[in-house]
Amino acid sequence: MDDIKRNDLISIVVPCYNEELALPLFIEEIQKTEKSMQEKYLVDFEYIFVDDGSKDNTASCLKSMAQNNPKIKYIIFSRNFGKESAMYAGLDKCKGDFAVVMDADLQDPPSMLEEMYQKVTSGEYDCAAARRVTRKGEPPIRSLFARIFYKLINKISQTEIVDGARDFRMMSRKMVDAILSMSEYNRFSKGIFSWVGFRTYWLEYENTERIAGETKWSFYKLLVYSLDGIIAFSTAPLAISSLMGILFCFVSLIFIFIIIFKTLMFGDPVPGYPSLVCIIFLLSGVQLLCVGIQGQYISKTYMETKKRPIYIEREGNIDD
Ligand code: UDP
Ligand code: MG
């Protein structure tokens, strides 16, 4: 394949939360890729590091890195807003013809950037995204729940959520703008990337361990995140709760007829207290569940109507 020489600017967006240990290793590694791609394709890199309210020295680490290298830009959030907000901020501030979202822990190998660039400049694809094919190094229970989650959400949502898809991807300017136009507050990027459409090429790779520091995702956080994803990209739970309502009305109708029939035929010799209690428990449980599901959607709607900003910047070296 001919080398493509187009002077493209590639923006590398890196959300960072307590990554002071990983950052020096990350920058060293990615600059190797930058150098080789610069020579091969004449592309230019810019780095947008987003410090998501870290509690360690990530912010000062970023500042000193930026002093030594004008290509390094940074935004420091006023508090921890979460990775979704950090990605949005980075994409919002980047100026590249192509933008890449990458973790700071080298779990997203920079060596894949070259192939991604070849794909997005081939004219066939707007996006080249990484998809891990193994979940090596992950607790088995987490893998099991992840698999159940992907099966479930793809059944009940029209937006396809690809199993194993990472946020690590290179996107064309058009796709970045489309993502930025989705200014919703409850962000579930796996859904957003897919919802905007465009042609995505999937690059498969093996999971690697993070280079330094530790993962920010506990099992509980992942569970909440997956429920948020379902609510953001599917209204099926609402439909299920209405269906359950209809089903129970139907069942109770049948019961009423049976009871009337029995009373007329045989009288009413048994008071039936235990069965009554069980039915009351069951039905109030179902009712509370359905009200709870509705509450989830209402609370999300409530947050959206407040139109709060997705992130708040405390400091930065990027002028708009
Ligand atoms: N991250 C962030 N804000 C958060 C949590 C994580 O910006 O509140 C960043 C983190 O610094 C890393 C990326 O998101 O660059 C992925 O996080 P992590 O490696 O902990 O997730 P995992 O790879 O284990 O899924
Ligand atoms: Mg990681």
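Nothing here was measured: the structure is a model prediction, and the numbers come from that model. Read the numbers this way: they start at 1 and go in the same order the structure lists the ligands and their atoms.
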note = The answer for which part of Glu19 has a heavy atom under 4.0 Å from ligand 1 is side chain
query = Any idea which part of Asp103 is under 4.0 Å from ligand 1, heavy-atom wise: side chain, backbone, both or neither?
reply = both
Counting from 1, what ligand 1 atoms have a heavy atom of [X] closer than 4.0 Å?
X: Asp52; value: 2 (C), 3 (N), 4 (C), 7 (O), 8 (O)
X: Asn80; value: 4 (C), 8 (O)
X: Asp105; value: 19 (O), 23 (O)
X: Gln107; value: 19 (O), 22 (P), 23 (O)
X: Cys16; value: 7 (O), 11 (O)

message = When you compare ligand 1 with Ala104, is there at least one nitrogen or oxygen pair between them that comes in under 3.5 angstrom?
response = yes
request  = Would you check whether Pro15 has a nitrogen or oxygen atom less than 3.5 angstrom from a nitrogen or oxygen atom of ligand 1?
outcome  = yes
ask   = Looking just at side-chain N and O atoms, do Glu114 and Tyr41 make a donor-acceptor pair shorter than 3.5 Å?
value = yes
Residues Arg173, Asp97: salt bridge by 4.0 Å N-O rule = no
inquiry  = Whether Asp51 and Arg314 form a salt bridge (side-chain N of Lys/Arg under 4.0 Å from carboxylate O of Asp/Glu) is what I want to check.
reply    = no
Verdict with supporting geometry, Tyr47 and Gln31, side chain to side chain donor-acceptor pair (under 3.5 Å) = CA-CA 10 Å; Tyr47 298 95; Gln31 276 177 333; 5.1 Å; no
Heteroatom N/O/S of Asp105 within less than 2.8 Å of the Mg ion (ligand 2) = yes
request  = Answer yes or no on whether Arg147 is positioned over the face of Phe149, meaning its NZ or CZ is under 6.0 Å from the six-membered ring centre and within 45° of the axis.
outcome  = no
ask   = Is there a donor-acceptor contact under 3.5 Å from the side chain of Asn18 to the main chain of Ser54?
value = no
